[in-house]
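Residues: numbered from 1 along the sequence shown.
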Amino acid sequence: MSTCLEDLTPLLGVNGTGAADYICRKFSDASYAVDNTYLLFSAYLVFSMQLGFAMLCAGSVRAKNTMNIMLTNVLDAATGGLFYYLFGFAFAFGSPTNGFIGRHNFALESIPSSSLDYSNFLYQWAFAIAAAGITSGSIAERTQFVAYLIYSSFLTGFVYPVVSHWFWATDGWASALRTDDFLFGSGVIDFAGSGVVHIVGGIAGLWGALIEGPRIGRFDHSGRSVALRGHSATLVVLGTFMLWFGWYGFNPGSFNKISSFYTSGDYYGQWSAVGRTAVTTTLAGCTAALTTLFGKRILTGHWNVTDVCNGLLGGFAAITSGCSVVEPWAAIICGFVAALVLIGCNKLAEKVKYDDPLEAAQLHGGCGAWGVIFTGLFASEKLVKQVYPSRPAKYGLFMGGGGKLFAAQIIQILVIVGWVSATMGTLFYFLHKFGLLRISVEDEMAGMDLTRHGGLAYVYHDEDESQKNGIQMRKIESFPTPPSV
């Protein structure tokens with residue numbers, strides 16, 4: 001506004017101050033409308049990722065649990081919407097506050113304001129339920145329905161918002177948006193959430209799956225891995241493409257606005273940075289997909305579409321942290337290493353007999369951690385100054401920026417792992433102790449669609465097969481965790 005007045009007033013003459021003020025205010029209003037429309041459109045894209053999660057999860061589980069996993073995805077969004085409205089958004093962005101947790105704007109009180117509008121809530125809610133969706137994949141096919149409701153409420157209403165406050169709020173203790181007291185004089189650059197979203201969801205799922213134990217039959221009596229393949233590669237591919245599409249709201253949309261010039265009067269502005277972010281996102285995912293394709297071919301002798309889809313998503317999870325502050329060539333390095341990280345994490349999971357039907361902890365936790373480290377290595381000085389103009393120019397270690405940003409990124413990984421382990425790990429432990437976490441052996445063998453949800457997701461005959469086979473819905477009871485097979 002002040003720049004507009006300075007430029008326009010001399011052109012309108014001595015008596016043109018009022019006209020200049022009027023014109024500049026109208027331009028400011030138009031810019032505000034454009035930015036909010038862009039943010040709302042990005043929110044819609046991120047929300048479409050819920051369909052991607054649902055289809056990916058459905059295709060990755062066995063047919064007898066399809067109804068269950070799709071219902072949990074629907075309720076992640078619904079439960080998350082209510083609890084993020086009541087508590088989560090305030091804990092994350094309610095200011096003025098301290099560096100640890102927000103204290104204002106519960107139930108969107110005093111919204112809209114000079115700094116926040118309803119579009120900000122909708123966009124951040126879509127991020128929160130994405131973290132919950134990651135966790136639901138890790139504990140699929142063996143978890144009681146009530147446990148989903150409890151963990152989803154706690155994650156979206158408290159655990160995730162606190163982390164997002166630390167790194168994304170203007171007064172978060174490690175946020176790159178602070179104007180003073182930066183962590184290591186730098187702050188953490190986690191632009192769209194490799195740490196805030198993906199590590200949070202991955203570590204939460206890790207604890208849930210560890211405490212529950214593997215699915216029945218996942219490892220044989222000698223401890224060897226037995227593949228329990230998902231029932232539909234078609235749904236996996238559909239879900240992957242939906243997630244790919246939604247990621248263009250996830251990463252580029254994290255600018256929150258698009259109508260800002262980087263140099264007044266020049267053609268180069270934030271819209272160019274938005275486009276570059278979409279390009280780096282694309283290159284990282286494509287590179288990871290191809291690396292996984294050939295890597296798994298060497299290891300297994302097969303061209304496996306499911307592995308390629310997971311590799312693609314691993315590349316996206318990794319580039320999410322530094323997508324706005326790295327050059328396109330660096331995104332290729334990010335995707336290549338992300339694929340190797342995912343393959344390595346999956347090998348480790350087999351050795352320690354860890355069972356995650358969607359590889360969610362390995363993909364989002366492992367590749368997300370690599371993405372945070374990658375940013376500390378390859379962030380460009382020029383791009384950091386553009387995207388974070390108010391912060392000190394600390395950039396990537398490999399780009400000549402020293403080690404302060406890299407150290408801040410490592411701190412981010414450690415504190416997120418510690419926080420989520422202390423909160424979600426404790427929650428899953430008590431759910432297990434009270435018999436609310438894992439379903440019975442009988443239900444797991446029959447499949448939850450028949451025993452908990454009224455029938456299979458796919459109808460093959462007109463006759464009611466559940467009655468024909470003598471399997472009926474019954475009162476749900478709590479059972480202890482079954483012994484490992």
Answer with yes or no after comparing the ring centroid distance for Trp303 and Phe294 against a 6.0 Å cut-off, counting only values under it. yes
Under the salt bridge (charged side-chain N to carboxylate O under 4.0 Å, His left out) test, which residues partner Arg218, sequence neighbours left out? Asp355
Would you say Leu39 and Asp35 make side-chain contact, with heavy atoms under 4.5 Å? no
With sequence neighbours left out, the residues meeting salt bridge (charged side-chain N to carboxylate O under 4.0 Å, His left out) with Lys347 are none
Side chain proximity check, Leu45 to Phe250, heavy atoms < 4.5 angstrom: no
Set of side chain to side chain contact (heavy atoms under 4.5 Å, CB included) partners for Ser42, sequence neighbours left out: Tyr38, Tyr123
For Tyr388, enumerate each residue passing the ring pair (Phe, Tyr, Trp, His ring centres under 6.0 Å) test, keeping only those at least two apart in sequence or located in another chain. none
With sequence neighbours excluded, residues passing salt bridge (charged side-chain N to carboxylate O under 4.0 Å, His left out) with Glu359: none
Check whether any side-chain heavy atom of Ser324 sits under 4.5 Å from a side-chain heavy atom of Phe255, and report yes or no. yes
Under 3.5 Å, sequence neighbours excluded: what are the donor-acceptor pairs made by side chains of residues 400-411?
{"residue": "Gln409", "atom": "OE1", "partner": "Ile189", "partner atom": "N", "Å": "2.9"}
{"residue": "Gln409", "atom": "NE2", "partner": "Ile189", "partner atom": "O", "Å": "3.0"}
{"residue": "Gln409", "atom": "NE2", "partner": "Val372", "partner atom": "O", "Å": "3.1"}

For residues 281-289, which side-chain donor-acceptor pairs fall under 3.5 Å, sequence neighbours excluded?
{"residue": "Thr281", "atom": "OG1", "partner": "Asn251", "partner atom": "ND2", "Å": "2.9"}
{"residue": "Thr281", "atom": "OG1", "partner": "Thr277", "partner atom": "O", "Å": "2.8"}
{"residue": "Thr282", "atom": "OG1", "partner": "Tyr248", "partner atom": "OH", "Å": "2.6"}
{"residue": "Thr282", "atom": "OG1", "partner": "Ala278", "partner atom": "O", "Å": "2.8"}
{"residue": "Thr287", "atom": "OG1", "partner": "Leu283", "partner atom": "O", "Å": "2.7"}

Measure up the Phe428 and Tyr151 rings against each other and bin them: parallel (under 30°), tilted (30 to 60°), perpendicular (over 60°). tilted
Residues in side chain to side chain contact (heavy atoms under 4.5 Å, CB included) contact with Trp419, at least two apart in sequence or another chain: Phe100, Phe158, Val159, Val162, Val163, Trp166, Thr423
Does Phe241, at its CZ atom, have more than 12 non-hydrogen atoms belonging to other residues, nucleotides or ligands within less than 6.0 Å? no
With sequence neighbours excluded, residues passing side chain to side chain contact (heavy atoms under 4.5 Å, CB included) with Ala338: Ala318, Cys367, Trp370
Residue pairs involving residues 332-366 (criterion ring pair (Phe, Tyr, Trp, His ring centres under 6.0 Å); sequence neighbours excluded): His198-His364
Is it true that atom CH2 of Trp207 has more than 12 heavy atoms of other residues, nucleotides or ligands lying nearer than 6.0 Å? no
Report yes if the side chains of Tyr148 and Thr143 come closer than 4.5 Å at any heavy-atom pair, otherwise no. yes
Shortest non-hydrogen contact between Leu149 and Leu75, atoms and distance: CD2-CD1, 3.9 Å
Run the salt bridge (charged side-chain N to carboxylate O under 4.0 Å, His left out) test against Glu350 and tell me which residues pass, sequence neighbours left out. none
Partners of Phe89 by ring pair (Phe, Tyr, Trp, His ring centres under 6.0 Å), sequence neighbours excluded? Phe93, Phe121
Kindly indicate whether the side chain of Val326, heavy atoms from C-beta on, has any atom under 4.5 Å from the side chain of Leu383. no
If you measure only the distance, is there a donor-acceptor pair under 3.5 Å linking the side chains of Ser110 and Asn105? no
Going by distance alone, is a donor N or O of one side chain under 3.5 Å from an acceptor N or O of the other, for Thr72 and Ser136? no
